[in-house]
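Chain letters run A, B, ... following the sequence lines, proteins first, then strands; residues in each count from 1. Since this is a predicted model, take the numbers as computed values, not measurements.
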Amino acid sequence: MAHFDPNARPFSHKWMNERLAVDTLQKVLSTEYWIPKNINFLWAMGMILAATFGILLISGIFLLMYYIPDTKQAFDSVNYTVMSEVGYGWLWRHMHGVAASVVFLIIYIHMFTGIYYGSYKKGREMIWLSGMLLFVTFSAEAFSGYMLPWGQMSYWAGMVITNLFSLGSLDFQGLVEWIRGDYVPGQAFLNRFFMLHVLLMPLIIMALIVLHFGTLRIPHVNNQDGEEIDFDAEAQKWKAGLRKESKVIPFNPVFLSKDVFVMSIYFIIYFYLVFYHFEFAMDPVNFDPANPLKTPPHIYPEWYFLWSYEILRPFPKDPGLVAFGFAQVIFFLLPFLDRSPNVAPASRRKPFRCWFWILLVDMIVLTIMGKVPPVGVYTTIGTVAAWVFILLWVTLPIVTKLEKPVRRSK
Amino acid sequence: MKDLKKLGIVVFFTLLVYIGVEPYAHSVMHKHVEGHNFKYPDLKPIAAKGNPETGKALAAACMGCHSIKSQGVPAPMDPVSASGAYGVNPPDLSLIGALLDEKYLAHFLKDPVHTAIVAHKFKDRAYPMPPMATDDQSAADLVAYFKSIAPKEVKPKEAYEFACGRCHEMRYAKWTQIGEVPKTKKNIQTGADLAKLKFNEKLAEYKGNMVKYLGKLPPDLSIIVRARSEEFLETFVEDPQSQLPGTGMPRVGLSKEGYEKVFAYLEEVGDPSKPKREKVGPIVLLYMVVFAFLAYLWYKHQWKDLH
């Protein structure tokens, strides 16, 4: 039975502590949440993502006050009302658009950091899996958001992507129509993607962010050498005042101070883009209103979907869809396809090191080929890159089996 | 130092992706068209020296179809009837000398169809504008006259209305092909705005005539500056066929200065936040730099005795 001091002043520290255990909470969540000391700036990407999500949420709330989910009014509500009539509406829109693009860059950096340092292995599988779920929900969030301005690219990307659900030769037109709520993208389509973008997806994302933070708790954050740290013992050292000797630091304020510094550099770049270079995040084609009678000459997704789009594109219809499906799920399987016991940076894992860099370069090649028109040499490069991607994942278990145990450096 | 090396790798791959999907991919997707700086090199220079007085007399023939409002010459027909007769409303000629290229105008007066590059649209019907000058001298005289009545200063909005506004709507500036959307009031009892309905009926009729004439409704230009690159717009206006072969859009014949005026208006309407961005941007960036400096001091303070 808990003890409640009848003399404690309401909302005083003691009063709050008895009811909410604020001291314990603060310890568990911040001052005694231990992070390895041996980390670099790439460990700040998680906090940068959280902050960028915060920007997207806040700017999104402001945009939501003026956006009209109606096929006849959506375009002008974004391009005229928000951009011309609402005070600083342009700022919220450009912040939202740029953050939506940049958040994927940071997600990819965060993912590749995880792959490079082996942060998905030996007890950290759930971190990886919950992170991948976040990647998928962020993708759905980005795609549904892209529909909302109801420009040419919204319309035609919506057409192309929902068409994928006919599943090639299976020709499930019924499923496509069920998703669209119509034969072609129209009012029903816009309304449901609006709902997904402003309610369902953000709810799922927020739940998954909590889960993702939760998955870090027991295995703890990895470090630059993949060293297994006895967090309890190291925490004792820290508490005993051995700041230099301890291999861990508390999240608040020590880790946080570095995070905030890295974040501030990120924000300088981010706001530079918002004010002076936002075009990259807002495709010109989408500034033409949706026109069902006029297909744009080039239909392409936003840059962060290009690599998987390019895995779909070079193949005939059915194999293309299979390859596309493969690309969508394969990253989930990484912790299980990697058969090596080593948790170490890729630089110390011989064959895997090559695998990592080939994967990175291959995905960049796929990304670029996904945007240029599929003609001539681009088709060839795209096809080769798509095959390389598939082969990389097929050979991953073998590549990692061949690996020798890594000796720890001191 | 190790952190910097890693940062370098991240920056390198980020820029690689950026260059690949933005400048490179766009250079592949959009053909490059060489502009001529509105010099119209396909048209031969006209040597004849024009006389504005002779031109003025010749210009009387123009007034059968065109207004010259600055000289007190009204339009013979309202825009809707004019569109019924000609396809589109013929332009007012007050600004023609200020905005069009001299050489272009002289050639246009002699041979409108080929100078405007619209022959492919008028194979089996007559172009509504007939040749008005039989030789270089009369063309030069007309040009001299129009130059003599041209105002010194043309506002960007006027340039747009003259050069684009009879075919292209600009709804974010409340501009239609038949003029500005009038301010009207609805009947508070019935909720109906008769004046607006009547205006919209006229506009619909005008658009119908124009579609018959051009084959399709020309696009609204409200945010064309965001939908097309500056380079595209410039080369397209200079010679529409160079970017969109077969388009019904005529070569308008703007001079360099005339185009700059038009573009200024397109930008003013299509990108209204530009001046505010330029004002707020430095303040926000300065704030972030100060923030970063303080964050750095905090970080150094927290980490000073850790290694």
Exercise for the section: Identify which part of A:Val361 has an atom lying under 4.5 Å from any heavy atom of chain B, answering side chain, backbone, both or neither. Expected result: side chain
Handout entry: Atom of A:Ala385, atom of A:Asp362 and distance for their closest heavy-atom approach
Key = O-OD2, 2.9 Å
Exercise for the section: Evaluate side-chain hydrogen bond (donor to acceptor under 3.5 Å, both in side chains) for B:Tyr172 paired with B:Asp220, printing each intermediate quantity in order. Expected result: CA-CA 9 Å; B:Tyr172 293 177; B:Asp220 184 293; over 6 Å; no
Problem - Between B:Ala227, B:Gly20, B:Pro219, the one whose heavy-atom pairs under 4.5 Å with chain A are most numerous - result: B:Ala227
Completion exercise
Note: vs chain B, highest number of non-hydrogen pairs under 4.5 angstrom among A:Leu42, A:Thr367, A:Asp288 is A:Asp288
Handout entry: Which portion of A:Met282 sits near chain B, non-hydrogen atoms under 4.5 angstrom
Key = side chain
Problem - Side chain, backbone, both or neither of A:Leu105 within contact of chain B (heavy atoms, under 4.5 Å) - result: side chain
Handout entry: Sorted by number, residues from residues 281-307 of chain B in contact with chain A (heavy atoms, under 4.5 Å)
Key = B:Gly281, B:Pro282, B:Val284, B:Leu285, B:Met288, B:Val289, B:Phe291, B:Ala292, B:Ala295, B:Tyr296, B:Trp298, B:Tyr299, B:Gln302, B:Trp303, B:Asp305, B:Leu306, B:His307
Handout entry: Heavy-atom donor-acceptor pair, A:Thr379 side chain to A:Pro374 backbone, under 3.5 Å
Key = yes
Practice task
Examine distances only and state if a side-chain atom of B:Arg228 and a backbone atom of B:Leu233 form a donor-acceptor pair shorter than 3.5 Å.
Solution key: no
Practice task
Answer yes or no: is there an ion pair linking B:Lys202 with B:Glu205, defined by an N-O contact shorter than 4.0 Å?
Solution key: no
Exercise for the section: Identify which part of A:Tyr304 has an atom lying under 4.5 Å from any heavy atom of chain B, answering side chain, backbone, both or neither. Expected result: neither
Practice task
Determine the option with the most heavy-atom pairs under 4.5 angstrom with chain B, choosing from A:Phe275, A:Tyr378, A:Tyr300, A:Tyr108.
Solution key: A:Phe275
Exercise for the section: Could you label the plane-to-plane angle of the A:Trp92 and A:Phe62 rings as parallel, tilted or perpendicular, counting under 30° as parallel and over 60° as perpendicular? Expected result: parallel
Completion exercise
Okay, A:Trp238 and chain B: the region with an atom under 4.5 Å from a heavy atom over there is side chain
Handout entry: Main-chain N/O of B:Val88 paired with B:Tyr213 side-chain donor or acceptor, under 3.5 Å
Key = no
Completion exercise
Filtered by a 4.5 Å non-hydrogen cutoff, the part of residues 25-36 of chain B contacting chain A is B:Ala25, B:His26, B:Val28, B:Met29
Completion exercise
Residue from A:Leu360, A:Leu91, A:Leu306 scoring the most non-hydrogen pairs under 4.5 Å with chain B is A:Leu360
Exercise for the section: Just jot down the side chain to side chain contact (heavy atoms under 4.5 Å, CB included) partners of A:Ala99, sequence neighbours excluded, or say none. Expected result: A:Thr52, A:Ile55, A:Leu56, A:Tyr270
Handout entry: Residue, of A:Val260, A:Ile268, A:Asn291, that accumulates the most heavy atom pairs under 4.5 Å with chain B
Key = A:Ile268
Handout entry: Heavy-atom contact with chain B under 4.5 Å, split by part of A:Asp76
Key = both
Exercise for the section: Taking the side chain as every heavy atom from C-beta outward, state whether A:Leu366 and A:Tyr309 have any pair of such atoms under 4.5 Å apart. Expected result: no
Handout entry: Pair A:Asn38, A:Lys247: side-chain N/O donor-acceptor within cut-off below 3.5 Å
Key = no
Problem - Distance-only polar pair, side chains of A:Asn40 and A:Gln224, donor-acceptor under 3.5 Å - result: yes
Exercise for the section: Grab the two heavy atoms, one from B:Leu217 and one from B:Gln177, that are nearest each other, plus how far apart they are. Expected result: CD1-NE2, 4.4 Å
Problem - Ion pair check, A:Lys37 and A:Glu245, cut-off under 4.0 Å - result: no
Handout entry: Heavy atoms from other residues, nucleotides or ligands near NZ of B:Lys256 exceed 12 (cutoff 6.0 Å)
Key = yes
Problem - Under 4.5 Å from a heavy atom of chain B, the part of A:Ile249 involved - result: side chain
Exercise for the section: In plain terms, say whether B:Glu201 and B:Lys198 are close enough for a salt bridge, that is, a side-chain N and a carboxylate O under 4.0 Å apart. Expected result: no
Practice task
Specify which of A:Phe112, A:Tyr276, A:Tyr88 makes the most heavy-atom pairs with chain B at under 4.5 Å.
Solution key: A:Tyr276
Handout entry: Closest approach of B:Gly246 to B:Gln241 (non-hydrogen atoms, all atoms of both residues)
Key = N-OE1, 2.7 Å
Problem - Closest contact, heavy atoms only, B:Gly248 versus B:Lys121 - result: CA-CE, 3.6 Å
Exercise for the section: Report yes or no: does B:Thr176 contribute a side-chain atom to a donor-acceptor pair with the main-chain N or O of B:Glu169 at less than 3.5 Å? Expected result: no
Exercise for the section: Please confirm whether the backbone N or O of A:Val254 pairs with a side-chain atom of A:Ser257, one donor and one acceptor, at under 3.5 Å? Expected result: yes
Handout entry: Residue B:Leu15 excluded, over 12 heavy atoms near CG under 6.0 Å
Key = yes
Problem - Toward chain A: residues of residues 3-14 of chain B with heavy atoms under 4.5 Å - result: B:Asp3, B:Lys6, B:Leu7, B:Ile9, B:Val10, B:Phe13, B:Thr14
Practice task
Let me know if A:Glu302 has heavy atoms under 4.5 Å from chain B in its side chain, its backbone, both or neither.
Solution key: neither
